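First the structure, in the form of structure tokens, and then the observations on it.
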Amino acid sequence: MTQQLGVIGDPIKHSLSPHMQQAAIAAAALDATYQAIHVTVNDLANFVVRAKQAGYRGFNITLPHKTAIMEFLDDLSPAAQNIGAVNTVIIESGRALGDNTDGLGYITSLAEDAKWEAKDKTVTLLGAGGAARAVAYALLDSGANQVCLINRTIEKAEQLCANLENLFPKKITYSEWTESTLMERFAISDLIVNSTSVGLNKSRFDLLPLESSPQHCLISDLVYTPRITPLLQSAKDLQRPIHEGLGMLLYQGAAAFELWFHQKPNIKVMKIALEQALEN
Ligand code: ATR
């Protein structure tokens, strides 16, 4: 029987996941389909029941349901619990297990695309939303020495810091978004990550003193439309190494594929499909 999979969200039309997952399924010659499925927040509980009944192998979850889905699942992985969000569900023996491959996807992308490892590194993370939480958790879980959260609304950085402090005592801090704190933090950073929505459609930060970062500091942007955001362009102009956001999307999808099918997908094929879908 053809295995069913998909990605749920609201809206869902623009999701790139079907393109890369269908390509990976075809490359592995699996009898499976992966569809984009529009599910509203009020229909989340029903969808989980329907997916189990219809024999789904699993599904991805995108905005805005990554946290709301959790209460309707039978079990949660440690990553999902610690990040407080689910992006991948695996259905086995009628039970729905929630996992989160966003953080792992980010770490894998750093390793594969930028040859960068988190161990003992100092990081400045801009933003304090859902993406920041997955990235902060994954960096600390991979041995980063220090992650400093800087967010426009400082209360959200404080809250996220409090959430992760129990797991990683003394390793996570937060600071206010001012020119002087940004300069201070950048000066001691091995990695600066933008997890805010700034950069989308070429929007820019008003002020970001990137030049105070050391020459080796990797500048990473989670935004991938455009692929080279204004932040990454500034980093290039300053001759800092850069890391594009598309890799996180690719490798979170690859990790989900592996959870469903217990085999590694063809990354090259997935990447080409993703790049083509993005161009269109
Ligand atoms: P996601 O789940 O993708 O992380 P989110 O939870 O909506 O998205 O978070 C968006 C992030 O972008 C927030 O950290 C937000 O800062 P605030 O908490 O102050 O709202 C940040 N952000 C959005 N626009 C910004 C801007 N112009 N300058 C700085 N940060 C901005």
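Please read these numbers as outputs of a predicted model, since none were measured by experiment.
Side-chain contact annotation: Thr124 with Ser189, donor-acceptor N/O pair under 3.5 Å present. There is no side-chain donor-acceptor pair under 3.5 Å between Gln3 and Asp31. Side chains of Asn280 and Gln276: a donor-acceptor N/O pair is absent below 3.5 angstrom, by distance only. A side-chain donor-acceptor contact under 3.5 Å links Ser220 and Tyr106.
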Margin query: Working note: Val48 + Ile69, criterion side chain to side chain contact (heavy atoms under 4.5 Å, CB included); need CA distance, chi angles, decisive distance, verdict.
Written below: CA-CA 9 Å; Val48 177; Ile69 187 90; 3.8 Å; yes

Note to self: Checking Asn60 against Tyr34 for the side chain to side chain donor-acceptor pair (under 3.5 Å) test, could you report, in this order, the C-alpha distance in whole Å, the side-chain angles of both residues, the deciding distance, and whether it holds?
What the structure shows: CA-CA 10 Å; Asn60 286 127; Tyr34 185 107; 2.6 Å; yes

Note to self: Test side chain to side chain contact (heavy atoms under 4.5 Å, CB included) on Ile188 and Gln146; report intermediate values, then the result.
What the structure shows: CA-CA 10 Å; Ile188 55 165; Gln146 196 64 230; over 6 Å; no

Next item on the list: Could you please spell out the steps behind the side chain to side chain contact (heavy atoms under 4.5 Å, CB included) verdict for Leu110 and Leu139?
Entry: CA-CA 10 Å; Leu110 281 177; Leu139 286 167; 4.0 Å; yes

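Distance CD1/Ile37 to CD/Gln4: 7.5 Å, rounded to 0.5 Å. One finds the CG atom of Asp99 at 5.0 Å from the CD1 atom of Ile90 (value rounded to the nearest 0.5 Å). Interatomic distance, Asn82 CG to Leu140 CG, rounded to the nearest 0.5 Å: 11.0 Å. To the nearest 0.5 Å, atom CG of residue Leu246 and atom CG of residue Leu249 are 6.0 Å apart. Atom-to-atom distance recorded for Thr2:OG1 and Arg57:CZ is 14.5 Å, nearest 0.5 angstrom.
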Only distances under 3.5 Å count here; give the side-chain donor-acceptor pairs of residues 197-205 to other protein atoms, sequence neighbours excluded, each with its distance to 0.1 Å.
residue	atom	partner	partner atom	Å
Ser203	OG	Gly199	N	2.8
Ser203	OG	Leu200	O	3.0

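Sorted by first and then second residue, the side-chain hydrogen bond (donor to acceptor under 3.5 Å, both in side chains) pairs with a member in residues 9-23 read Asp10-His38; sequence neighbours excluded. Sequence neighbours left out, the pairs with a member in residues 261-280 that pass salt bridge (charged side-chain N to carboxylate O under 4.0 Å, His left out) are Arg227-Glu275, Glu258-Lys264. Counting only residues at least two apart or on different chains, no salt bridge (charged side-chain N to carboxylate O under 4.0 Å, His left out) pair has a member in residues 164-181. For residues 63-74, the side-chain hydrogen bond (donor to acceptor under 3.5 Å, both in side chains) pairs, not counting sequence neighbours, are Lys52-Asp74, Lys66-Asp102.
Put simply, the side chain of Leu182 reaches to within 4.5 Å of the side chain of Leu126, judged on heavy atoms. At a threshold of 4.5 Å between non-hydrogen side-chain atoms, the residues Lys119 and Ser142 do not count as touching. Taking the side chain as every heavy atom from C-beta outward, Met270 and Leu250 approach each other to under 4.5 Å. Within the 4.5 Å cutoff, the side chain of Leu73 has heavy atoms near those of the Val86 side chain. Looking at heavy atoms from C-beta onward, Leu30 lies in side-chain contact with Gln263 at the 4.5 angstrom threshold. For the pair Leu125 and Asn194, the minimum side-chain heavy-atom distance is 4.5 Å or more. At least one side-chain heavy atom of Ser234 sits under 4.5 Å from a side-chain heavy atom of Leu210.
The two residues Gly129 and Leu160 have their closest heavy-atom pair at O-CD2, 4.5 Å.
Ion pair Arg152/Asp206 not flagged as a salt bridge, since none of the NZ, NE, NH1 or NH2 atoms sits closer than 4.0 Å to an Asp/Glu carboxylate oxygen.
Partners of Phe59 under the ring-ring contact (aromatic ring centres under 6.0 Å, His included) rule, at least two apart in sequence or in another chain, are Phe47.
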